[in-house]
Engineer: 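Below you will find the structure I want to go over with you.
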Amino acid sequence: SVERRAEPHGADERHDHEHAAGHRRELRFVVMGAVAYTAGRVLDWTIAGDSVPTALYTVCAVVLGLVVARDVAESVRARKLDIDLLMFVAAGGAIAIGELPDAALLLTLFCLGHTLEAYAMARARAAIAALGELAPARARRRVNGDIEEVEAAALTVGDVVVVRPDERIPADGFLIVGS
């Protein structure tokens, strides 16, 4: 018997472009925040005054806090507790107790991890979509002893599909005869 395939998530090209644009925009903010944090940390270690490092930590915390705040707003609207909300609260707590460098570091690492995860997911989604492209468009279906060629999308559960050696398999199913 054969099971019908579903369309891959990445089939909508406009949807994929919107995801990619969002990831690039978020990456720019993460890089800007990470540069501000790193510069602040280097200056914190090398100069006696702390006004410039504090300003850089503030820039980092504000920029990356806004990135996280967007996701937090979605979580709050959906009335769910997730890691974005927890990190936002942790960063706010660090700021409240006067640990701005720690808040900036927390937001930098969290946003960097979030952005890298998004890129990995986008690549995995593209790879799965590419695998879907390899499936043949047509299939040979056995009906009452005869073989007819049909669109692979027309296969339904229970159809018997004939696959010859070295051919790509047009649908998921169970092996009835052969190896």
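Worth knowing before you read on, the calculation uses all heavy atoms, side chains too, and leaves out hydrogens, waters and symmetry mates. The structure displayed is predicted, hence computed values, not measured ones.
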Engineer: Does a salt bridge link Lys80 with Glu74, judged by any charged N lying under 4.0 Å from a carboxylate O?
Structural biologist: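 Salt bridge absent between Lys80 and Glu74.
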
Engineer: Do Val76 and Leu81 share a hydrophobic cluster (ILVMFWY, side-chain heavy atoms under 4.5 Å, transitive)?
Structural biologist: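 The answer is yes; both residues are in one hydrophobic cluster.
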
Engineer: Under a 3.5 Å distance rule, please check whether Asp50 uses its side chain to pair with a backbone N or O of Pro53 as donor and acceptor.
Structural biologist: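 Not confirmed, Asp50 side chain does not pair with Pro53 backbone.
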
Engineer: Can you find a pair of side-chain heavy atoms, one from Thr115 and one from Phe29, that are under 4.5 Å apart?
Structural biologist: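 No; the side chains remain at least 4.5 Å from each other.
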
Engineer: Under 4.5 Å between side-chain heavy atoms, counting indirect links through other Ile/Leu/Val/Met/Phe/Trp/Tyr residues: same cluster for Met32 and Leu116 or not?
Structural biologist: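 Yes; Leu116 is reachable from Met32 via cluster members.
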
Engineer: Using modelled atom types and a 3.5 Å cut-off, is there a donor and acceptor pairing between side-chain atoms of Asp159 and backbone atoms of Thr156?
Structural biologist: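 At least one qualifying donor-acceptor pair exists.
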
Engineer: Can you check whether Arg24 reaches Tyr119 side chain to side chain, under 4.5 Å on heavy atoms?
Structural biologist: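 Sidechains of Tyr119 and Arg24: in contact.
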
Engineer: Which atom pair, heavy atoms only, marks the closest approach of Met87 to Leu106?
Structural biologist: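 Closest approach of Met87 to Leu106, heavy atoms only: SD-CD1, 3.6 Å.
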
Engineer: Grab the two heavy atoms, one from Leu56 and one from Ala36, that are nearest each other, plus how far apart they are.
Structural biologist: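 For Leu56 versus Ala36, the nearest heavy atoms are CB-O, 3.4 Å.
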
Engineer: Is Val162 reachable from Ile169 through a run of I, L, V, M, F, W or Y residues, each pair having side-chain heavy atoms under 4.5 Å apart?
Structural biologist: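 In one cluster with Ile169: Val162, no.
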
Engineer: Please check if Val89 and Val72 belong to a single hydrophobic cluster, counting links between Ile, Leu, Val, Met, Phe, Trp and Tyr side chain heavy atoms closer than 4.5 Å.
Structural biologist: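 As far as the 4.5 Å side-chain criterion goes, Val72 and Val89 are connected within one cluster.
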
Engineer: For residues Phe88 and Ala69, report the shortest heavy-atom separation together with the two atoms involved.
Structural biologist: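 So the minimum-distance heavy-atom pair works out to CE1-CB, 3.9 Å.
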
Engineer: Could you tell me if the side chain of Arg142 sits less than 4.5 Å from the side chain of Val161, heavy atoms only?
Structural biologist: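 In short, these two side chains do not touch, never coming nearer than 4.5 Å.
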
Engineer: If only side-chain N and O atoms count, and only distance matters, is there a donor-acceptor pair under 3.5 Å linking Ser75 with Asp84?
Structural biologist: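 Absent: no donor and acceptor within the cut-off.
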
Engineer: Any chance the side chains of Tyr37 and Arg41 put a donor and an acceptor closer than 3.5 Å?
Structural biologist: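 A donor-acceptor contact under 3.5 Å links the two side chains.
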
Engineer: CD1/Ile83 to CG/Asp71 distance, rounded to the nearest 0.5 angstrom?
Structural biologist: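 Here the rounded value is 12.0 Å.
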
Engineer: When hydrophobic residues are tied together by side-chain contacts of less than 4.5 Å, even through go-betweens, does Leu109 share a cluster with Val63?
Structural biologist: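 Looking at the clustering, Val63 is in a separate group from Leu109.
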
Engineer: Which heavy atom of Leu100 sits nearest a heavy atom of Thr58, and at what distance?
Structural biologist: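 Heavy atoms of Leu100 and Thr58 come nearest at CD2-OG1, 3.2 Å.
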
Engineer: Can you tell me how far the OG1 atom of Thr54 sits from the CG atom of Leu43, to the nearest 0.5 Å?
Structural biologist: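 Reported to 0.5 Å precision, the distance equals 10.5 Å.
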
Engineer: Begin from the C-alpha positions of Arg140 and Glu148 and carry the test side-chain contact (heavy atoms from CB on, under 4.5 Å) through to its verdict.
Structural biologist: CA-CA 6 Å; Arg140 279 187 297 283; Glu148 62 182 12; over 6 Å; no

Engineer: Indicate yes or no: at least one non-hydrogen side-chain atom of Leu105 is less than 4.5 angstrom from one of Tyr57.
Structural biologist: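 In short, these two side chains do not touch, never coming nearer than 4.5 Å.
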
Engineer: Any idea which heavy atoms bring Ala103 and Ala94 closest together, and the distance?
Structural biologist: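 In this case the closest contact between Ala103 and Ala94 is CB-CB, 3.8 Å.
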
Engineer: Considering non-hydrogen atoms only, spot the tightest contact between Val67 and Cys111 and give its length.
Structural biologist: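 Closest approach of Val67 to Cys111, heavy atoms only: CG1-SG, 4.2 Å.
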
Engineer: Set out, in order, the CA-CA distance, both residues' side-chain angles and the distance that settles side-chain contact (heavy atoms from CB on, under 4.5 Å) for Arg141 and Val160, then state yes or no.
Structural biologist: CA-CA 6 Å; Arg141 175 171 54 191; Val160 175; over 6 Å; no

